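Since we're looking at a predicted model, the values are computed, not measured. Residue numbers start from 1 in every chain, and the chains themselves are labelled A, B, ... in the order their sequence lines are given, proteins ahead of strands.
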There are 2 protein chains.
Amino acid sequence: MAGTGGRTPRERYRAQVRDEAKRLAWEQIAAAGPSALSLNALARRLGMTGPALYRYFAGRDALLAELIRDACRDLTATLRAGAAAGAGPGGLAEALRAWALAHPQRYFLLYGTPVPGREAPESTRRVTGEITAVLLDACGAAGPPDAPGGSPAALRRALAFWTRLHGVLSLELAGHFTGMGFDPAELYGAETASLPGEEAGRGAGISGDRVPLGGL
Amino acid sequence: MAGTGGRTPRERYRAQVRDEAKRLAWEQIAAAGPSALSLNALARRLGMTGPALYRYFAGRDALLAELIRDACRDLTATLRAGAAAGAGPGGLAEALRAWALAHPQRYFLLYGTPVPGREAPESTRRVTGEITAVLLDACGAAGPPDAPGGSPAALRRALAFWTRLHGVLSLELAGHFTGMGFDPAELYGAETASLPGEEAGRGAGISGDRVPLGGL
DNA sequence: GAAGGAGAGTGATAGCCTCTAACCAACGAG
DNA sequence: CTCGTTGGTTAGAGGCTATCACTCTCCTTC
């Protein structure tokens, strides 16, 4: 959300309404999914009629695209903050998990079911690229220093890191673990620790390898 | 699809129309996503008017639920066939990947973004349970034989197997690997081979461990 | 301070959707 | 042959996206 940083009263009012609309839109999405996002209902909750919202957003798709872009920025900022604070792969993984648990719908809007026709716009692609870049950087930097800055091995390691995190997270958020009687956090922690550098017989791994397996 | 196994002509006709409707529904979903599934458009393509379809399906949600159930059954049958043919975890993983690549929309309907309000009905939950059971069985059976039939360690191993497969698959199907210049199949293969029993310094793993890492 | 213009909001409307109700035609069992 | 079941129709209520023309109200400019 861009906040109310406008200069003229009109700009401030406009930004305020836009922010409130987006806030309510997230509520609606959280309540019934992205497909249930309705400009009409949104406008009603804002105290105006349907067509008025078209002064603020070009249409339903534009609003959704903006929400996705905001979510991207939010996650990027979160991860960048973690990285800037010196968090390693494990720290970033925890930050990612915390963010996803706090905003499941945001996470699914970024990494969930894609809409076949709808290609992600350039701006979004760039931001998601940044997100993976942060993860890859942290992971490559934490691994054994082979050609610092992107050896194939580092890329492979980072990709495995990313996909494992996403595998646990997305299944957990989708509720596929409910009733299985175990703690997803523990699995996530094990997956987080399992990776950077330990495969291919490189040894016990770098970042701890706590309770390697079977510790349930 | 139940096929045309009815006895009376009416039943056969009914089954035929239902199957054709579901086929077209899958086409529509593949073209523009599940949210674009429209009973009206479907009926038009079937050569009838909208309300006529309500003789065959109780409503849009019922049709979608049936499609999901069919997808579940299909995947279950595929995996069961693989398991019956003696495929180990690696074989099942390959079967899963082949199925998902052939029917991405089916995969996402099962494991993609969940609709917040909509709880999966009992029938579906039972079938998805079977799917995971097949994977868990194969994985537990292939691991080192500790308390055959579901030790905590086997469960943990199987869960990691499942989540790793899903992590690579879902990101690949969603197109998040496009333009990264690497082969998802290779990553998937490495993840498939990385798991059953090799962690915690148990050795080189059971099912091959081909090009363990860094081989990109 | 008055005039003009930009911007916010409204009602009307077209066209799509889901789903119900009432009605009609045709098939098949008795 | 008769008549109930079944498949299909049109009509219609209500919701949605989106556009258009219009009003009103501020803010700017003279």
Sorted by chain and number, sequence neighbours left out, salt bridge (charged side-chain N to carboxylate O under 4.0 Å, His left out) with Glu66(A) holds for Arg18(A), Lys22(A)
Taken in chain and number order and not counting sequence neighbours, the residues that satisfy side chain to side chain donor-acceptor pair (under 3.5 Å) with His103(B) are Arg106(B)
Note: contacts of residues 27-35 of chain A with DNA chain C (heavy atom, under 4.0 Å) are none
Separation of dT6(D) atom C1' from Arg14(B) atom CZ, nearest Å, is 9 Å
Students should find that the nucleotides of DNA chain C closing off the region near chain B, any atom under 4.0 angstrom from a heavy atom, are dC17(C) to dG28(C)
Sorted by chain and residue number, the side chain to side chain donor-acceptor pair (under 3.5 Å) partners of Ser170(A) (sequence neighbours excluded) come out as His166(B)
For Arg10(B), the side chain to side chain donor-acceptor pair (under 3.5 Å) test, sequence neighbours excluded, returns none
Parallel, tilted or perpendicular: which one describes the rings of His176(A) and Tyr111(B), with boundaries at 30° and 60°?
tilted
Side-chain donor/acceptor pairs under 3.5 Å, residues 52-59 of chain A, sequence neighbours excluded:
none

Across all chains, not counting sequence neighbours, the ring-ring contact (aromatic ring centres under 6.0 Å, His included) partners of Phe108(A) are none
Residue pairs passing the side chain to side chain donor-acceptor pair (under 3.5 Å) test with at least one member in residues 27-50 of chain A, sequence neighbours excluded, are Arg23(A)-Glu27(A), Glu27(A)-Arg45(A)
Sorted by chain and residue number, the salt bridge (charged side-chain N to carboxylate O under 4.0 Å, His left out) partners of Arg97(A) (sequence neighbours excluded) come out as Glu172(A)
In B/S/- notation (B base, S sugar-phosphate only, - none; protein heavy atoms under 4.0 Å), nucleotides 13-30 of chain D written 5' to 3' is ---SBBB-----------
Residue pairs meeting salt bridge (Lys or Arg N to Asp or Glu O under 4.0 Å), one or both in residues 72-85 of chain B, sequence neighbours left out, come to Arg80(B)-Glu130(B)
